[in-house]
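Input: a single structure, listed below in structure tokens.
Convention: sequence-line order gives letters A, B, ...; per-chain numbering from 1.
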There are 2 protein chains.
Amino acid sequence: MSCDTDSVAVLRRAEMKLTPQRLMVLSALRHAQGHLTAAEIFEQVRAAYPYVDISTIYRTLTALRTMRLVTETDMGSGDLAYEWVQERPHHHLICSGCHRVLELDHGYLERLGDDLARDLDFEADLHHFAIFGRCAACRPAAAPAASPGL
Amino acid sequence: MSCDTDSVAVLRRAEMKLTPQRLMVLSALRHAQGHLTAAEIFEQVRAAYPYVDISTIYRTLTALRTMRLVTETDMGSGDLAYEWVQERPHHHLICSGCHRVLELDHGYLERLGDDLARDLDFEADLHHFAIFGRCAACRPAAAPAASPGL
DNA sequence: GTTGGTGCAAATGATTTGCAAAAGG
DNA sequence: CCTTTTGCAAATCATTTGCACCAAC
């Protein structure tokens, strides 16, 4: 597929040296249909290239993040999740009950972003948002919002 | 003021033992006009009670968070920020340029929350949100959103 | 050849935990 | 008293860094 040749172009454009490690990190990110942690990328790359070090993964991710090719998001798991930047941003609804992750269309946050820009002159970075809460399935079982709780 | 007696009531209601350490953590949180890190709370408490340990601060914060009396938010500083839960939630706009923190009225996110509930049956936990971006002052100097960047 | 990138190993730093002593109810 | 909480010290665990070697360009 065109991903690998494309990744080469991506690195060239970014004036980064073209190393197999970086190509594999890029490949992992671009083939993932979602977010990956540094450890997950590490596993994937190591499967084909056993000598990579986790620090190389982090260094590559930092570089890619700096040039805004990947997003870094705290999904609440203790480590950070990385995702290749798509043309149309999308976001995640994370259920605190079942830990399921739902995708959220950018439209919802676009509205919020417009409000913030218009009213407060604040240009919000809404490329990749994680919103926690409760999905329909987990709502009745868990404490409803209005309850005083324990 | 009523904060201390009120804190006593808070702990009683929560069926937590009433220790000076906990009262001081509560006091720090309730008097702060914003968010505090665990380390900041630690400093404040230690000033009056030199033998407290940071682990006690964390344990107290965990307990308070479990009973939804404080919020825990990643403000992007590497550590987590804690804030006493107010009657009316408010949120933070964090400028990536000058690191200034602006308060955001709950109305903006209420709208989003309503949308998510109506359209997706997802009850978002919007008690305390941190939105990163660029304030008006930092915008012209930094890369505008529409630019292709590096 | 230079410069930047990598592997390795060790450091960092926030947060957590085991355990015995101390304090709350 | 009995249980929970605390202080201390040590452990975790993701992420970062110093450094010598190696590979792109």
Side-chain angles (χ1 to χ4, degrees), chain A residues 4 7-26 28 35-67 69-82 130 150, chain B residues 4 7-26 28 35-67 70-82 150:
Chain A
D4 290 336
S7 294
V8 169
V10 163
L11 292 179
R12 287 246 167 78
R13 218 176 301 138
E15 293 179 353
M16 290 175 75
K17 285 192 179 176
L18 207 148
T19 69
Q21 292 90 334
R22 284 177 174 171
L23 284 176
M24 299 181 86
V25 170
L26 279 172
H35 38 82
L36 296 170
T37 65
E40 285 165 346
I41 297 171
F42 179 48
E43 284 308 320
Q44 242 177 275
V45 174
R46 189 163 56 170
Y49 202 93
Y51 293 113
V52 269
D53 190 77
I54 186 82
S55 67
T56 299
I57 308 294
Y58 278 111
R59 285 189 274 231
T60 301
L61 287 171
T62 300
L64 294 174
R65 188 157 52 86
T66 300
M67 55 192 59
L69 294 175
V70 303
T71 56
E72 183 190 68
T73 312
D74 179 3
M75 307 277 289
S77 63
D79 46 15
L80 297 165
Y82 298 88
L150 49 146
Chain B
D4 289 336
S7 293
V8 169
V10 163
L11 291 180
R12 287 245 168 77
R13 219 175 300 140
E15 293 178 354
M16 291 175 74
K17 285 194 178 176
L18 208 147
T19 68
Q21 293 90 331
R22 285 176 175 169
L23 285 176
M24 298 180 87
V25 170
L26 280 171
H35 38 81
L36 296 171
T37 66
E40 286 166 347
I41 297 171
F42 180 47
E43 284 308 319
Q44 241 178 277
V45 174
R46 188 163 56 170
Y49 201 94
Y51 293 113
V52 269
D53 190 76
I54 186 82
S55 67
T56 299
I57 308 294
Y58 278 111
R59 284 188 276 231
T60 302
L61 287 172
T62 299
L64 294 174
R65 188 157 53 86
T66 299
M67 57 193 58
V70 302
T71 56
E72 182 190 69
T73 311
D74 180 3
M75 306 277 287
S77 63
D79 47 14
L80 297 164
Y82 298 88
L150 47 147

Going by side-chain contact (heavy atoms from CB on, under 4.5 Å), name the residues that satisfy it together with A/Leu61, two or more places apart in sequence or in a different chain.
A/Val25, A/Leu29, A/Ala38, A/Ile41, A/Ile57, A/Tyr82
How close do B/Leu23 and B/Ser7 get, heavy atom to heavy atom, and via which atoms?
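The pair with the smallest heavy-atom distance is CD2-CB, 3.8 Å.
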Where is the tightest heavy-atom contact between B/Ala28 and B/Leu36, given as atom of each residue plus distance?
O-CD1, 3.5 Å
Spacing of A/Leu80 atom CG and A/Arg65 atom CZ [to the nearest 0.5 Å]:
8.0 Å
From A/Leu69 CG over to A/Thr60 OG1, what is the distance, rounded to the nearest 0.5 angstrom?
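OG1 of A/Thr60 is found 12.0 Å from CG of A/Leu69.
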Which parts of residues 43-56 of chain A get close to DNA chain D, meaning a heavy atom less than 4.0 angstrom away?
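Going residue by residue through residues 43-56 of chain A, the ones with a heavy atom under 4.0 Å of DNA chain D turn out to be A/Ser55.
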Kindly say whether, by distance alone, the side chain of A/Arg59 makes a donor-acceptor pair under 3.5 Å with the base of C/dG4?
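A donor-acceptor contact between them is absent.
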Nucleotide nearest [X] (side chain, heavy atoms from C-beta), chosen from [options]:
X: A/Pro20; options: C/dT6, D/dA24, C/dG25; value: D/dA24
X: B/Tyr58; options: D/dT15, C/dG24, C/dT15; value: C/dT15
X: A/Gln21; options: C/dG25, D/dT6, C/dT6; value: C/dT6
X: B/Thr19; options: C/dT16, D/dA24, D/dT6; value: D/dT6
X: A/Asp79; options: D/dT6, C/dG5, D/dA14; value: D/dA14

Distance in angstrom units between [X] [atom1] and [N] [atom2], rounded:
X: B/Leu61; N: D/dT5; atom1: CG; atom2: P; value: 14 Å
X: A/Leu80; N: D/dC13; atom1: CG; atom2: P; value: 17 Å
X: B/Leu23; N: C/dG24; atom1: CG; atom2: C1'; value: 12 Å
X: B/Glu72; N: C/dT15; atom1: CD; atom2: C1'; value: 10 Å
X: B/Ile57; N: C/dT16; atom1: CD1; atom2: P; value: 13 Å
X: A/Leu11; N: D/dA24; atom1: CG; atom2: P; value: 13 Å
X: B/Glu15; N: D/dT4; atom1: CD; atom2: C1'; value: 13 Å
X: A/Asp74; N: C/dA14; atom1: CG; atom2: P; value: 16 Å

Taking the side chain as C-beta and beyond, is there a heavy-atom pair between [X] and [Y] under 4.5 Å?
X: A/Val45; Y: A/Gln21; answer: no
X: B/Leu11; Y: B/Arg22; answer: yes
X: B/Met67; Y: B/Arg13; answer: no
X: B/Val52; Y: B/Met24; answer: no
X: B/Leu26; Y: B/Leu64; answer: yes

What is the bend of the helix from C/dG1-D/dC25 to C/dG25-D/dC1 when you compare the axis at one end with the axis at the other, using five pairs each and rounding to 10°?
40°
I want to confirm an ordering. Mapping B/Thr62 and A/Met16 to their closest nucleotides on DNA chain C, which one lands closer to the 5' end?
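Closest to the 5' end, via its nearest nucleotide, is A/Met16.
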